[in-house]
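Beneath this line is the structure, given in structure tokens, with notes to follow.
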Amino acid sequence: MSTAYVYDRLYLAHDQPQHPENSRRLQQTMQHLREAGVLPRLKPLRARDASLNEVALVHQPTYIERLQNLAEGGGGWLDGDTYVSTHSFAAALRAAGGMLQAVEATLGEDVENAFALVRPPGHHALADRGMGFCLFNNAAIAARVALRHHHLDRVLIVDFDLHHGNATQDAFFDDPRVLYFSTHQYPYYPGSGHWQETGRGAGLGYTVNVPLPAGVGDVGYQRVFDSILVPVARRFRPEIILVSAGYDAHWSDPLGMMLLSVSGYFALVRTLVSLAGELCSGHLVLTLEGGYSLEALPLCIGATFSALLGDAHAHDPLGPAPQDEGSVNAIIERVKGVHKLGEWESGADR
Ligand SMILES: [Zn+2]
């Protein structure tokens, strides 16, 4: 069994050099993975383009058409944050397709887990409009394709990006087949993700939001994963775990005020690897979302691959956050209450 990755040069063609979400993020990541000797340990997967039908499992045809016209007409802006350049439509189709390729490989014989190193990111892209640097919702499209074409019944999406994945929550808010779990700085962009947002109708209880105050770091995030995510995942019994992997919660990130370290991210991904091994034959597929420190992002992604490969340690030259972290006790109690997570099931083995 191996760990795979997806990368394609087209992901660099969606670009705006002055914007925090620019092509250097992936260029420097690939350079680091090469120099640190990570790439030879991974199985490369060839990205394909998502079909329009696959994208339309999440996005409205009028939005897809509008995005294509905007890109092919030379580009522009979807909102004050979200640019479209000439090759953005093509890049977005291949980003969604790259994630699909990673899912398909993982559900096959010889790949255990995979990381789609794609751009543009996805978790803010709503059915009818892109926003927050995101054009197509790569994780949501992958979940819908997994349900529709791979006949899965239960998909867990874990979103550890700094920001709440409003659009992923929106796509599955009333759908009990997809459990959306998110940790995020709160209140913060995009404004959603209150702990009382727990789903609707048949989907009630299948959205688990853990809004965190600024200043939570390695200890707090790990406690949230151990005491909320682990019991929630065991109760849900996913057949695959998809991850919106954002690294903007690193302490040095210019957009966030959270205090995760590279080692902290490594530990969170190890928890996901262990959960996937316990619950779903190791089927774990990550897709890149945010992360805007050009120094921390490559190291965090390198540490993520170390965890996926089963290494005991990760390389963390940046070290821990320079300040003390805040407490998560209050929010953990609130989320455990609203989702009926008793002490007895919250990781009795810890
Ligand atoms: Zn983010």
Side-chain angles (χ1 to χ4, degrees), residues 11 14-16 19-26 28-29 78-83 92 95-96 99 115-126 129-140 142 157-171 180-194 197 207-217 220-221 224-225 242-262 264-265 268-269 272 286-301 303-304 321:
Y11 300 152
H14 165 74
D15 198 26
Q16 177 71 250
H19 193 284
E21 204 296 283
N22 61 62
S23 62
R24 293 191 303 281
R25 297 176 63 232
L26 263 192
Q28 298 201 14
T29 294
L78 293 182
D79 64 16
D81 299 322
T82 313
Y83 66 84
M99 180 57 178
F115 195 167
L117 299 173
V118 304
R119 292 180 59 253
H123 72 156
H124 299 306
L126 294 159
R129 68 192 160 96
M131 59 177 271
F133 315 167
C134 299
L135 302 185
F136 291 147
N137 194 328
N138 307 313
I157 301 179
V158 175
D159 187 334
F160 60 56
D161 188 274
L162 169 76
H163 303 93
H164 182 241
N166 58 304
T168 309
Q169 167 170 306
D170 200 61
Y180 177 67
F181 170 93
S182 176
T183 50
H184 41 275
Q185 184 175 327
Y186 186 91
Y188 202 51
Y189 183 90
S192 51
H194 192 284
E197 295 167 24
T207 293
V208 180
N209 281 307
V210 188
L212 298 170
V216 173
Y221 269 90
V224 166
F225 268 45
L242 309 182
V243 183
S244 272
Y247 298 94
D248 32 10
H250 187 272
W251 61 263
S252 71
D253 193 274
L255 298 197
M257 295 163 68
M258 303 310 262
L259 300 180
L260 270 177
S261 69
V262 172
Y265 270 115
L268 295 181
V269 178
L272 295 173
L286 293 79
T287 182
L288 181 62
E289 302 283 1
Y292 305 100
S293 159
L294 293 176
E295 193 181 18
L297 177 66
L299 294 166
C300 287
I301 292 177
T304 295

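One-based numbering, in listed order, for ligands and for the atoms of each.
Minimum-distance N/O/S atom of D161 relative to the Zn ion (ligand 1): OD1. Nearest N/O/S atom of D248 with respect to the Zn ion (ligand 1) is recorded as OD2. Note on H163: its N/O/S atom closest to the Zn ion (ligand 1) is ND1.
The backbone N or O of G165 lies less than 3.5 Å from a partner atom in the side chain of Y180, making a donor-acceptor pair.
Pairs passing the salt bridge (charged side-chain N to carboxylate O under 4.0 Å, His left out) check and including a residue from residues 116-125, sequence neighbours excluded, read E21-R119.
For the Zn ion (ligand 1), the N/O/S atoms of E289 include none lying under 2.8 Å.
Every residue meeting the ring-ring contact (aromatic ring centres under 6.0 Å, His included) condition with F225, not counting sequence neighbours, appears here in chain and number order: F181.
In this structure, L268 and L260 have side chains that are in contact, with non-hydrogen atoms separated by less than 4.5 Å.
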